[in-house]
Amino acid sequence: MNNPLDSLNPQQQQAVTAGPGPVLVLAGPGSGKTRVLTQRITYLINSLGVRPYNILAVTFTNKAAREMEVRISGMTGEQTQWLTLGTFHSICARILRREAGDLPFNSNFVIFDQDDQISLVKLALKELNLDDKRFRPMGVHEAISNAKNELILPDAFTIQSYRDETVQRVYKRYQELLLANNALDFDDLLLWTAFLLEEKSAAREKYAHRYEHILVDEFQDTNFAQYTLLKHISSFHRNIFVVGDTDQSIYGWRGADYRNVLRFEKDYPDSQTVLLEQNYRSTQSILDVATAIIDRNPYRTPKRLFTERGEGRKAIVSESYDDHTEAAFVVESIVKSVSAKLAQPGDFAVMYRTNAQSRVLEEAFLAVNMPYKLVGAQRFYGRREIKDIIAFLRLVHNPDDEISLTRIINIPPRGIGDKTFYSLRAAAGRLGCSSGAVLLQLAKKGEVPELESLSPRSKSSLGQISRLLADWYSSKSRLSPLGLMDRILNDVDYHFYIDDGTDEGHERWENVMELRRLAAEYPEDGLVDFLEQVALVSDQDTLESNSNVPTLLTLHAAKGLEFPVVFIVGLNEGLLPHSRSFDDPEAMMEERRLMYVGITRAMDRLYLVFSQNRRAYGFTEPVNPSRFLADIPYHLLEEINPTNPNRYSRSQLENHPERWHVSNTSSVKMEEVQQHFHPGMRVLHPSWGEGMVLNSRVQDRDEIVDIFFENLGMKKVVASLANLEIKT
DNA sequence: ATGGACAATGTTTTT
DNA sequence: CATTGTCCAT
């Protein structure tokens, strides 16, 4: 029988069979890390006899988890349903439902999405009489979210300004409101799980003992809460296997911290490190472009990406007049390649920095009648009609969900306005329960004394919705998610309400039908799962691979995917890099990594597309090409004629190596770096203590210092980040 | 309570 | 510009 390990290269084999103990796999793009993870789990089960029940694997998307499960079950023939496999958020949700007895919410909590979270912040602001102009809900929420990702509870919130003090008050109230709603937000899933494992030793021991082996994908995109969580769960067996690539860290704005990779090495000094540098995806010229981009980031250990796939074709750079010509160029290129039988429609992906950019592209595809798929669950689940239906379901599942009640209490319009709803909430306040509970009580008893002061009209309206709610509530255990949904749609005549005869109305109803199809996949008792799935879907989860049409997606959504031909469009200053990152070097580095991620998705061909003009705020303005283009050596690029040369005057720049530099703005000008450290110097590192400088060199606009520490041995340190002190 | 008209206001990425 | 909020008339 042939050994599955034979198909792996030596480094991959080393990773798969590494251990016991902590293992860090630094995996460049396309280096087969998914295969390594899958093989590793298979190896644990088949060769080491580990039971699937004792394995925990964290993937970045639910889709990746499902795919992995299929492959593992094929290779092991084991009962893979016993594996714990999923995203951080879904795994935490599962744990919290199981352990809710130890926690201040009950197990049928709902998960609040972004919109719900903002609504709740608004509510908290209102309750505290704060001006939402001065304290923008989004901004306040971001601060709260950041704190949660750092496991900072309201009481520990650092106060350095009046604003901080206010945020702290809102944060406190926000958390109270969540609990009152029996709801958790995304961050809570991590926060409460970390709390559970930290504070409840019985729970910690249970999970730490159970999970003999822990595997984590995309480790560079974990945040502190996730890191802490892992630390607790792995505290007993210490068999923690993490795979990541700091160069592909693109979720810093969400609290992800690629320094967790460094933290890992520090917290697990006995960890084994495996480097995967061979790329199986791209041609060498694509890798060269990628390397040219990422090499400009100072804070990184240089990696040598190589491939045996050969040189391949040069990357194509194309300049267009504006975003419309840009889109036309993309579509035309695809049409040409397809009709020349050089590629299939499904081979193409078009990537962009912001979702808004997809519209122009969609129009261009529509114009030539070419079907496409757009990655983005957000777009579907964010639609009004979908949110309505989900709100109904969520409310039936958990009547304390005030946000959902607020959404649907007057849908379709049944004469309940602000005033009536306010009275209902006031009654709930006096009774010490939620508005939903009051409604259920009203339906049950026919009257609630606290509501007697209302006008007969309002009372009858409330009575109507309360009877509906009570009816659904009492039948929910007998109905499948689909059955319940149909019941609701029918009872409120949602079709009549949403489909007003216009094209848009029709489309909205179609979306409801689509949601119906999704609900149909859940069994009798699947409401929790359905709602959880809906709350935690990632954009990629909805991506189907069987349609053979071009894919449109953001660069973020492209993570982990690959395509034969990749277009990156909108390569202009302000868009990529995005203008919001101009004055923040960290953010700028992340933009660069984003570009790197995009490039390295390409297997055979890469198109880099930018334009001369772009509309912003409704006006078309001239824009500069992205500074990142200037970083690519000209010999790696091939320029092709723009779609329609007559539409604009050709760029005044001629074909010489410096041409991109000419119009390039330089808003972040990095200074020349002076060498401060020399061999023999003694230095003090904030966490590693005292050490001696062995070597130092200026590289990539930063100084890299090799230091020898007594207990740790030789470490490479980046001077600008390490905060080294020179001992005299 | 509701719907429409107008004004302001704000713009990344997503579990 | 495109969405969201606010004001006003019904």
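Each chain gets a letter, A, B and so on, in the order the sequences are listed, and its residues count up from 1. All values below were derived from every heavy atom in this structure, side-chain atoms included, with hydrogens, water molecules and symmetry-related copies excluded.
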Under 4.0 Å between a side-chain N/O of A:R457 and OP1 or OP2 of B:dA1, yes or no? no

Heavy atoms of other groups near A:H495 NE2, more than 12 under 6.0 Å: yes

A:N355 side-chain N/O to B:dT14 phosphate OP1/OP2 under 4.0 Å: yes

Along DNA chain B (nearest heavy atom to each residue), the more 5'-positioned of A:A356 and A:F421: A:F421

Just the rounded figure in Å: distance from C1' of B:dG3 to CD1 of A:I411. 14 Å

Should A:H556 be counted as stacked on B:dT13, where stacking needs a ring-centre gap under 5.5 Å and an angle between planes under 30 degrees? no

Counting any heavy atom closer than 4.0 Å, what does A:Q114 reach on the DNA or RNA strands: base, sugar-phosphate only, or nothing? base

For the side chain of A:P413, starting at C-beta, report the closest nucleotide among B:dT13, C:dA2, B:dG3. B:dG3

Do A:R425 and A:F421 form a cation-pi contact, if we require the NZ or CZ to be under 6.0 Å from the six-membered ring centre and within 45 degrees of the ring's axis? yes

NZ or CZ of A:R263 within 45° of A:Y227 ring axis and under 6.0 Å: yes

Select base, sugar-phosphate, or nothing to describe what A:N410 touches, counting heavy atoms under 4.0 Å on all strands. sugar-phosphate

Heavy atoms only, 4.0 Å cut-off, all strands: where does A:R414 land among base, sugar-phosphate and nothing? sugar-phosphate

Quick one: which protein N/O atoms are closer than 3.5 Å to N/O atoms of nucleotides 7-9 of chain B? Pair and distance per line, please.
none

Looking only at atom P, what distance separates B:dT13 and C:dT4, rounded to whole Å? 14 Å

Please confirm whether the shortest side-chain N or O distance from A:T61 to OP1 or OP2 of B:dT15 is below 4.0 Å. no

Rounded interatomic separation in angstrom, taking CZ from A:F582 and C1' from B:dT12: 13 Å

Minimum-distance nucleotide to A:S538 side chain [options: C:dC1, B:dT12, B:dT15]: B:dT15

With a 4.0 Å cut-off on heavy atoms, is A:D539 in touch with a base, just the backbone sugar-phosphate, or nothing at all? sugar-phosphate

Is it the case that A:K387 places NZ or CZ above or below the six-membered ring of A:Y381, under 6.0 angstrom from the centre and within 45 degrees of the axis? no

Whole-Å gap separating P (C:dC1) and CZ (A:R614): 16 Å

Tell me, which pairs form a salt bridge (charged side-chain N to carboxylate O under 4.0 Å, His left out) where one or both residues lie in residues 118-129 of chain A, sequence neighbours left out? A:E127-A:R173

Look at all strands and tell whether A:I111 reaches a base, only sugar-phosphate, or nothing, counting heavy atoms closer than 4.0 Å. nothing

Can you tell me if A:K122 touches the phosphate of C:dG5, counting only side-chain N or O atoms and a distance under 4.0 Å to OP1 or OP2? yes

Which part of the nucleic acid, if any, lies within reach of A:T420 when heavy atoms closer than 4.0 Å are counted: base, sugar-phosphate only, or nothing? sugar-phosphate

From NZ of A:K63 over to C1' of B:dT14, roughly how many Å is that when rounded to an integer? 17 Å

Does the structure show A:Y251 stacking with B:dT13, if we require the centres to be closer than 5.5 Å and the planes to be within less than 30 degrees of parallel? no

Within a radius of less than 6.0 Å around CZ of A:R66, do more than 12 heavy atoms belonging to other residues, nucleotides or ligands occur? yes

Once you round it to whole Å, what is the distance between C1' of B:dT15 and CD1 of A:I91? 13 Å

Return yes if the base of B:dT15 and the side-chain atoms of A:H89 contain a donor-acceptor N/O pair under 3.5 Å, otherwise no. yes

Geometric cation-pi criterion A:R593 and A:Y596, 6.0 Å radius, 45° cone: no

In whole angstrom, what separates A:E142's CD from B:dT12's C1'? 11 Å

Walking DNA chain B from its 5' end, the first of A:G417 and A:M138 to be reached, judged by nearest nucleotide, is A:G417

Rounded to the nearest Å, what distance is computed from the CZ atom of residue A:R359 to the P atom of nucleotide C:dC1? 10 Å

Which whole-number value in Å describes the distance from A:F60 CZ to B:dT14 P? 11 Å

Heavy atoms, side chains only, cut-off 4.5 Å: are A:S455 and A:S458 in contact? yes

Looking at B:dT15, B:dT13, C:dC1, which one has an atom nearest to any side-chain atom of A:R615? C:dC1

Side-chain touch A:L576/A:F628, heavy atoms, less than 4.5 angstrom: yes

